[in-house]
Protein chains: 2
Amino acid sequence: MAMKALSKATIYQVAQLAGVSIATVSRALRDSDLVTAETRERVRSAARELNFTPSRPARSLAEGRHAANGIVFPDLIGPYYAEVVLGYEATAAASGSSVLILATNGRPDAAAAVRELAGRVDGLTVMGRTVDDEVVAGIASAGLPVVLLARDPVDGVDTVRAGNSGTARALAEHLVGHGHRTITFLGDPDESPDVAGRYAGVRAGSKGARLTLVRGKGLDLDSGRRAAEQLLTHEKPDAVICANDEVALGVLLAASEHGLRVPEDLAVTGWDDLLAARFAGLTTVRQPMRELGATAARWLNRRIDENSGEQNRTAARRRILATELVIRQSCGSHEEVRS
Amino acid sequence: MAMKALSKATIYQVAQLAGVSIATVSRALRDSDLVTAETRERVRSAARELNFTPSRPARSLAEGRHAANGIVFPDLIGPYYAEVVLGYEATAAASGSSVLILATNGRPDAAAAVRELAGRVDGLTVMGRTVDDEVVAGIASAGLPVVLLARDPVDGVDTVRAGNSGTARALAEHLVGHGHRTITFLGDPDESPDVAGRYAGVRAGSKGARLTLVRGKGLDLDSGRRAAEQLLTHEKPDAVICANDEVALGVLLAASEHGLRVPEDLAVTGWDDLLAARFAGLTTVRQPMRELGATAARWLNRRIDENSGEQNRTAARRRILATELVIRQSCGSHEEVRS
DNA sequence: TTGAAAGCGGTACCAT
DNA sequence: ATGGTACCGCTTTCAA
């Protein structure tokens with residue numbers, strides 16, 4: 001019994017074993033109809049015997065495409081990004097494209113990493129706070145299809161995002177309706193376009209209340225908790241609108257440590273509707289995370305197809321996916337109030 | 001002003017513009033010390049002017065390596081996988097490797113997708129319930145470095161996982177210590193090696209109690225909730241040990257709908273220590289998710305280096321990372337009981 | 001229908 | 001130090 005081939009066989013070996021040329025092997029394996037059924041079968045079995053798989057780099061080099069696309073995101077922490085990436089992967093995979101991921105998190109060389117990635121894919125999706133617009137513009141103008149996700153538009157580049165300001169405004173108005181008069185927005189609008197949009201909406205919806213901006217640094221639980229320590233001993237607002245759920249949950253923790261009741265002594269709201277929000281009774285806003293990723297992947301694919309075909313490039317698209325207010329207990333009692 | 005090059009320049013164009021051969025360009029750009037500082041600079045600026053980036057496929061083809069590795073996981077839903085993947089990505093990136101992801105979720109052609117992926121990377125990490133051992137063995141025996149994650153070992157392949165049975169046993173004993181006598185394990189041991197390990201541990205720790213196995217199908221919130229409906233109207237145990245947190249949270253929801261108090265009427269435990277568990281007061285087990293991913297990436301890299309170097313291959317490694325019991329309120333009152 | 005051969009864009013060896 | 005050139009493994013004309 002022959003030893004199984006331990007390293008990769010080449011198309012030449014298959015050709016030799018099948019007694020044909022490499023051109024024929026290539027055709028046979030890709031179901032070209034320029035090969036006899038009989039030949040095809042001979043090639044097939046030779047390939048099987050040698051455990052042959054075409055070299056991806058060789059294929060890509062010859063075809064001039066990678067059959068892969070990439071997504072760049074800040075972090076995978078927090079269910080938010082994970083869901084988006086998942087939606088992206090599922091859609092990309094469905095259209096036969098492999099997916100490369102890159103988390104820029106605390107990376108100092110994010111721009112370089114993104115450029116490197118750009119060389120490995122047929123198209124790139126870039127999320128929020130990852131790299132500067134210049135990097136994006138550079139890549140896009142080099143001819144690589146790009147889709148922006150949860151991020152301010154760049155000239156000529158498609159953008160998909162979730163609604164921020166409208167729902168944020170509704171949220172703020174809801175709080176005011178509860179009778180809250182000193183409201184604090186916890187989060188740094190400079191941290192991400194999403195946060196900026198939310199803050200803008202909150203401002204618009206806070207007429208009749210005093211709104212204070214506290215720039216918490218970071219969007220995780222501990223950031224929220226730390227910021228709250230400060231907040232609850234000084235400003236003492238009666239409502240805190242947080243940039244996202246994790247921060248809000250941190251505030252909830254701090255509040256309980258300070259013996260504050262929510263919502264009686266302090267109303268708290270978040271953004272994202274994480275699983276935890278439900279169990280914490282947190283009023284928040286739901287985003288179509290999966291759909292965000294899926295839409296980006298779909299659009300990117302379209303651009304890639306456009307690129308290869310000779311159709312004239314269509315104008316940059318923009319879409320804002322709807323978000324939804326999720327009222328729970330943390331924003332105030334709803335026994336008597338109806339909203 | 002010249003138009004920026006809209007498509008990619010090749011090394012030939014750079015060579016021509018710099019007035020040198022492509023060999024020199026290659027050297028200059030890769031900081032070989034076989035080039036004059038002056039030449040290097042000339043090449044550099046030519047490359048910059050043409051906005052040149054070496055073609056990744058061409059490089060890979062010539063070098064015989066991808067400078068990338070991949071990770072295969074069932075799903076990205078639930079913070080568990082997300083954290084693992086993140087830890088993986090961070091470590092892989094730190095060692096200069098791009099990361100390809102593949103979610104096999106409900107994919108019918110998972111095996112084929114994994115094989116495709118295998119052709120794009122220098123090494124592969126395969127998680128839990130994704131593809132059969134045969135697929136893994138096939139890939140590994142073809143010479144591709146593989147690391148298994150949260151999965152039963154395969155001959156000759158490295159395996160990293162988190163402790164299940166020991167901690168599960170401690171968990172069960174804790175419940176028995178609370179006085180619970182009819183315990184149900186909710187989860188299908190056939191669903192994943194992890195669940196199997198947990199069930200085994202629970203069995204060992206349930207001496208003195210009546211243990212029932214209820215094979216819930218699925219590891220998400222709704223599965224838990226549905227299974228609980230059944231459970232709470234029939235078996236009526238006084239404690240439910242769930243395969244993971246999401247299922248447990250589903251049970252919590254169902255219990256509250258049935259007007260059952262937790263833990264007085266029903267004790268519930270989970271596994272993973274999701275963020276939500278904390279806010280639900282859920283007793284659970286914490287896994288070092290990030291570290292699982294990081295370890296896999298590190299090991300894979302070592303294997304890849306071994307492969308290229310001529311060092312003799314070391315024996316397959318196995319490691320079980322420690323997990324930790326996290327006692328909260330859902331398992332029983334701790335006012336009087338001390339554990 | 002099949003084969004020969006010219007790329008695809010690099011790397012690295014061998015001369016010079 | 002630099003240039004010439006033989007690969008790397010596949011796809012795709014162009015002829016036969």
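Every chain is numbered from 1 and lettered A, B, ... according to where its sequence line falls, protein lines coming before strand lines.
- As judged by a 4.0 angstrom heavy-atom cut-off over every strand, Thr10(B) is placed among residues touching the sugar-phosphate backbone only.
- Note on the helix from dT1(C)-dA16(D) to dT16(C)-dA1(D): angle between the axes of the first and last five pairs equals 40°, rounded to 10 degrees.
- Contact check on Glu306(B) versus Arg303(B) returns a salt bridge, with a Lys/Arg side-chain nitrogen under 4.0 Å from an Asp/Glu carboxylate oxygen.
- Using a 4.0 Å cut-off between charged nitrogen and carboxylate oxygen, Arg107(B) and Glu89(A) count as a salt-bridge pair.
- Within the nucleic acid shown, Thr53(B) comes within 4.0 Å of sugar-phosphate atoms alone, with no base atom in reach, counting heavy atoms only.
- If you find the closest nucleotide of DNA chain D to Ala62(B) and to Ser26(A), the one lying nearer the 5' end belongs to Ala62(B).
- Note on Thr39(A): every side-chain N or O is 4.0 Å or more away from OP1 and OP2 of dT1(C).
- Between Asp33(A) and Glu63(A), the one whose closest nucleotide on DNA chain C sits nearer the 5' end is Asp33(A).
- Taking atom CD1 on Ile11(B) and atom P on dA12(C), their separation rounds to 11 Å, with Å as the unit.
- Val25(A) comes within 4.0 angstrom of nothing in the nucleic acid, heavy atoms only.
- The existence of a salt bridge linking Arg161(A) and Asp152(A) is confirmed by a sub-4.0 Å separation between a basic side-chain nitrogen and an acidic carboxylate oxygen.
- Distance Ile22(A) CD1 to dA4(C) P: 9 Å, rounded to the nearest Å.
- Of the N and O atoms on the side chains of Asp75(B) and Asn105(B), at least one donor lies less than 3.5 Å from an acceptor on the other residue.
- We find that CZ of Arg40(A) is positioned 11 Å from P of dT1(C), with the value rounded to whole Å.
- Side chains of Arg319(A) and Thr295(A): no donor on one and acceptor on the other come within 3.5 Å.
- Protein chain A contacts DNA chain D over a range whose 5' and 3' limits, counting nucleotides with an atom under 4.0 angstrom from a non-hydrogen atom, are dG9(D) to dT13(D).
- Taking a cutoff of 4.0 Å between a charged side-chain nitrogen and a carboxylate oxygen, Asp31(B) and Arg44(B) qualify as a salt bridge.
- Note: OH (Tyr12(A)) to P (dA5(C)) measures 12 Å, nearest angstrom.
- An OP1 or OP2 oxygen of dG9(C) is reached within less than 4.0 angstrom by no side-chain nitrogen or oxygen of Ser55(B).
- At whole-Å resolution of the value, NE2 in His66(A) and C1' in dG9(C) are 12 Å apart.
- You'll find a donor-acceptor pair under 3.5 Å spanning the side chain of Arg27(A) and the base of dG3(C), going by distance alone.
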Applying side-chain hydrogen bond (donor to acceptor under 3.5 Å, both in side chains) to Arg115(B) and Thr53(A), what does each step give before you reach the verdict? CA-CA 9 Å; Arg115(B) 291 204 195 86; Thr53(A) 311; over 6 Å; no

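- Using a 4.0 Å cut-off between a side-chain N of Lys or Arg and a carboxylate O of Asp or Glu, Arg40(A) and Asp33(A) do not qualify as a salt bridge.
- Rounded to a whole Å, the CG atom of Leu61(A) is 13 Å from the C1' atom of dA6(C).
- Asp122(B) CG to Asn307(B) CG: the interatomic distance, rounded to the nearest 0.5 Å, is 9.0 Å.
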